[in-house]
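Structure first, commentary second.
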Amino acid sequence: MRLRKRADFRNVYDHGDRRSSASFTVFRLRRDDTGGPRIGFTTPRAIGKAVIRNRIRRRMREAVRLELPPLTAPFDLVFHPRRSILEVDFLKLRSEVNRVFQTCNGS
């Protein structure tokens, strides 16, 4: 359920579309197979040092894990957080992730 290969990330960036929210940008690409979603996370060095980036990744993974069950569409999603994600309340972060997943199920 996770994107791990550089080629998979590159494919999503090159051929997918982009959705933005206050806390992150998500790149998404619909796949042709019948599998479930695959999720990837990127955290650029510009956001901060390793401790900060790891904290951001942990928060994003947990928000996605809690909101993922309703998503059944075969999408590849790459979450690219913004620096403001550290100040966002976790419930608001979950609602933003949920909103992205609803648009994926709807299209």
Side-chain angles (χ1 to χ4, degrees):
M1 288 184 67
R2 288 181 51 188
L3 288 175
R4 295 178 188 259
K5 295 181 181 175
R6 186 182 201 292
D8 292 336
F9 279 88
R10 192 79 257 152
N11 190 32
V12 174
Y13 289 139
D14 292 343
H15 302 292
D17 62 339
R18 176 190 316 197
R19 302 280 186 231
S20 293
S21 75
S23 303
F24 55 84
T25 301
V26 68
F27 297 87
R28 66 184 193 155
L29 177 65
R30 186 172 192 84
R31 294 190 326 271
D32 294 332
D33 61 9
T34 59
R38 296 188 310 172
I39 311 289
F41 301 95
T42 60
T43 49
R45 287 185 181 165
I47 286 183
K49 296 190 183 253
V51 173
I52 305 280
R53 294 193 313 265
N54 288 333
R55 185 180 320 146
I56 289 170
R57 256 192 307 272
R58 285 192 305 269
R59 290 185 85 207
M60 287 295 303
R61 273 198 307 258
E62 182 64 10
V64 168
R65 183 186 72 82
L66 293 172
E67 298 298 328
L68 188 62
L71 181 62
T72 57
F75 273 95
D76 285 346
L77 301 162
V78 176
F79 286 87
H80 189 84
R82 299 173 199 258
R83 185 178 294 247
S84 63
I85 200 167
L86 288 171
E87 289 87 32
V88 173
D89 182 48
F90 187 71
L91 291 176
K92 185 170 191 291
L93 179 62
R94 279 185 63 183
S95 71
E96 289 181 26
V97 170
N98 187 15
R99 195 171 320 124
V100 167
F101 288 167
Q102 285 177 354
T103 62
C104 289
N105 272 336
S107 46

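- A heavy-atom distance below 4.5 Å is not found between the side chains of Ile39 and Arg61.
- Note: the hydrophobic cluster containing Val12 does not contain Phe79 (ILVMFWY, side chain heavy atoms under 4.5 Å, direct or indirect links).
- No side-chain heavy atom of Cys104 sits under 4.5 Å from any side-chain heavy atom of Arg19.
- Cluster membership check: Leu68 shares its hydrophobic cluster with Val26, using side-chain heavy-atom separations under 4.5 Å among Ile, Leu, Val, Met, Phe, Trp and Tyr.
- Applying the side chain to side chain donor-acceptor pair (under 3.5 Å) rule to Asn98 yields no partners; only residues at least two apart in sequence or on another chain are considered.
- Looking at every heavy atom in both residues, Ala22 comes nearest to Arg82 through O-CD, 3.4 Å.
- Side-chain contact between Phe101 and Leu77: present, with at least one pair of heavy atoms (C-beta onward) separated by less than 4.5 Å.
- The shortest non-hydrogen separation linking Arg65 to Pro69 is O-CD, 3.7 Å.
- Tracing side-chain contacts under 4.5 Å through hydrophobic residues (I, L, V, M, F, W, Y), one never reaches Val64 starting from Phe9; they form parts of separate clusters.
- In this structure a side-chain-to-backbone donor-acceptor pair under 3.5 Å is present from Arg31 to Phe75.
- The 12-atom threshold is not exceeded at CG of Asp32, counting heavy atoms of other residues, nucleotides or ligands nearer than 6.0 Å.
- The minimum heavy-atom distance between Val97 and Glu67, with the atom names listed, is CG1-CB, 4.0 Å.
- Rounded to the nearest 0.5 angstrom, Phe27 CZ and Asn11 CG are separated by 13.5 Å.
- A distance-only check finds no donor-acceptor pair linking the side chain of Arg28 to the backbone of Gly16 [under 3.5 Å].
- Distance check: Ile56 CD1 to Phe41 CZ gives 12.5 Å after rounding to the nearest 0.5 Å.
- Between Arg99 and Glu96, none of the side-chain N atoms (NZ, or NE/NH1/NH2) sits under 4.0 Å from a carboxylate O, so this pair counts as no salt bridge.
- For the residue pair Thr42/His80, the side-chain donor-acceptor check at 3.5 Å is satisfied.
- One hydrophobic cluster, built from ILVMFWY side chains closer than 4.5 Å, holds both Ile52 and Phe90.
- Under the 3.5 Å distance criterion, the side-chain polar atoms of Arg83 are left unmatched by any main-chain donor or acceptor of Gly48.
- By the 4.5 Å heavy-atom criterion applied to side chains, Thr43 and Met60 are not counted as neighbours.
- Hydrophobic clustering keeps Leu29 apart from Met1 (ILVMFWY residues linked when any side-chain heavy atoms are closer than 4.5 Å, directly or through intermediates).
- Within the model, atoms CD1 of Ile85 and CG of Leu93 stand 5.0 Å from one another, a figure rounded to the nearest 0.5 Å.
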